[in-house]
Amino acid sequence: MKKAVDDFRVIENQPLNATNHLIRLRSPVPLPEIYPGQFVNVRINHTDEVFLRRPFSVFDIDYKAQTLSLIVKILGKGSTILSRARSSEEISLIYPLGKGFTLPGRKDRILLVGGGSGIAPLMFLAKTAGLPVDQTDIILGFRNVEDSIELKEYTKYGSIHRTTEDGSRGVKGRATEHPLISRDLGLFDKIYACGPLPMMKAVGIAAKKKKIFCEVSLENEMACGYGTCLCCIEPTTKGNLRVCTDGPVFNMNLLQW
Amino acid sequence: MVDLHVRIHNLELKNPVMTASGTCGYGEELADFYDISKLGGMVLKGITPRNRDGNPTSRMAETASGMLNTVGLQNKGVEDFIHTIYPRIKDYETSLIVNVNGSTLDEYVEVTEKINELEKISAIELNISCPNVKKGGMAFGVTPEGAGSVTRAVRKVCTKTLIVKLSPNVTDIAEIARAVEDQGADSVSLINTLLGMAVNAEKQIPVLSTITGGLSGPAIKPVALRMTWQVAKAVNIPVIGMGGIKNATDAIEFLLVGASAIQVGTALFTDPFIPLKIIDGIKDYLNRHGLDSVKSLTGRLQM
């Protein structure tokens, strides 16, 4: 079977800042291969109020330890409850879901643009791609220094450039205003974006204008997460596609932005 | 060994647990999780004569113990089903039921005539209860005359077991059930979703693109159970119960009030394995109560 539902055990829940938590979960069975951009659908415990699962991109994976990590941004009831998950608590996951990013070629120069918790699948991509540091630029956009997430270990996978809207950390402005996008986009062979919709649209449209390969990861609201309910559809040049199953990663050329 | 086999007219089910239309696609997504030959049957995603893109997003809203949807019968049409999907799924070893839709009587007849030709389709579920399409759908299902007229037209051409899926958005569902029975339905299934609405108070706008949508999930179970009970008393054809079923106890409740089989819908979104858990739970229940056949549960409610 290609997909599974299993009870994972929380082995780490660490606040990354005021609104984001890193949650590491151990699988009861060996993990199947999971690709950057794929996601898991997480049941929310301890409540009858949150009926549906909540989807999260995989941030990191350790096949040997049988663990996977998620970045949980506190947005509403579901993510609030999940952010309080205790060590050894069991949490049900449906996994692995969706189609991930197209991995870059060995000679590609790539740009990753992440906003907020949208950085999760991009960091997994940078790590998996394993390109030399000078072939990978990563722009991480946050609202302010409090919202910013530390990712020191990721400097070995690429040059990290930070932006904050108020200038409290890194370059002042939005991720999309960074010179690598406004000035140097033509340097890159492949561009990947994940984050708020306006950010992805801006990056995607800029890349499309320059005819640069660009993939974005959408997060349309979904009910099932595995392709049956047709709630999360995105209009594309191939008709209405399911973000959960045909995506969540889409090539810009498919989207009607 | 308990006997889980159920028969709905000519539709043979190895057990009384089916997946509901619109919640299991054409079966392929569930097959990614487990061997779907364990299911009693699958009612496939609704089919219309021609391609429908469905409604714009936003198509869903989570609610207390349930959800609203307004998918609007997105599907590629009956010809695509016959030529693209059917060849891929026809060898599934479970009963396949096609959910037939149309915006006119002729369209219902057109789809039915084409599905008739498909050997591995065991039954047709006539959808006169979709609340999310402007024409047809629920418009037929809310009056005895409308429901009777579609059933009559389709019955004339339908060579398979004909199940009519009823809308709960009516004053007297038993009256509608009698009307479709009179026109030759072999079975009724109920309930489709309840018409509902969600509002985003902060933005002061409706959540759904079509403003209203269909409510499903555990929130509707008491209504569904009541209607199943009322309909089972009113007709002599087998009744298929659904609406908010999420575990074996829920399923058994529907059987006790008169259903011969049940469908699991929205609960699949929370856990695709629920139908299998329900099948096991029904077996356990029969054993605990010293019963040897699931048929003995139908209408067993003591008053």
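Chain A is the first sequence line, chain B the second, and so forth, proteins listed ahead of strands; every chain is numbered from 1.
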Student check: side-chain heavy atoms of A:V5 and B:Y34 closer than 4.5 Å: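 Not in contact.
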Are side-chain heavy atoms of A:I94 and B:P272 found at a separation under 4.5 Å?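 Yes, at least one pair of side-chain atoms sits under 4.5 Å.
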Atom [atom1] in [X], atom [atom2] in [Y]: separation rounded to 0.5 Å?
X      : Y      : atom1 : atom2 : result
B:T23  : A:L230 : OG1   : CG    : 10.5 Å
A:N240 : B:N75  : CG    : CG    : 11.5 Å
B:L30  : A:K3   : CG    : NZ    : 9.5 Å

Among [options], which residue forms the greatest number of heavy-atom pairs with chain A at distances under 4.5 Å?
options                    : result
B:C24, B:A61, B:G66, B:G22 : B:G66
B:M60, B:E62, B:Q74, B:E28 : B:E62
B:T270, B:D271, B:V71      : B:T270

Using a 6.0 Å cut-off, check whether atom [atom1] of [X] has over 12 heavy atoms from anything other than its own residue.
X      : atom1 : result
A:E221 : CD    : no
A:K77  : NZ    : no
A:R174 : CZ    : no
A:K208 : NZ    : yes
B:E79  : CD    : yes
A:Q256 : CD    : yes

Heavy-atom pair count under 4.5 Å with chain B, highest-scoring of A:V50, A:T245, A:L52: A:L52
What residue, out of A:P235, A:C231, A:G239, A:G225, has the most heavy-atom pairs lying under 4.5 Å from chain B? A:C231
side-chain contact (heavy atoms from CB on, under 4.5 Å) for A:F51 and B:F269? Distances and angles first, verdict last. CA-CA 10 Å; A:F51 176 64; B:F269 300 161; 6.0 Å; no
Might you point out which heavy atoms bring A:A223 and B:M67 nearest each other, and give the distance in Å?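 Looking at all heavy atoms of both residues, the closest pair is CB-CE, 3.7 Å.
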[X], part contacting chain A, at a heavy-atom distance under 4.5 Å:
X     : answer
B:S58 : neither
B:K45 : side chain
B:S65 : both

Closer than 3.5 angstrom, by distance alone: can the side chain of B:R59 be matched with the main-chain N or O of A:C232 as a donor-acceptor pair? no
Please evaluate residues B:T57 and A:E234 with respect to the criterion side-chain contact (heavy atoms from CB on, under 4.5 Å), reporting the C-alpha separation (whole Å), side-chain torsions for both, the decisive distance (0.1 Å), and the verdict. CA-CA 8 Å; B:T57 54; A:E234 177 71 21; over 6 Å; no
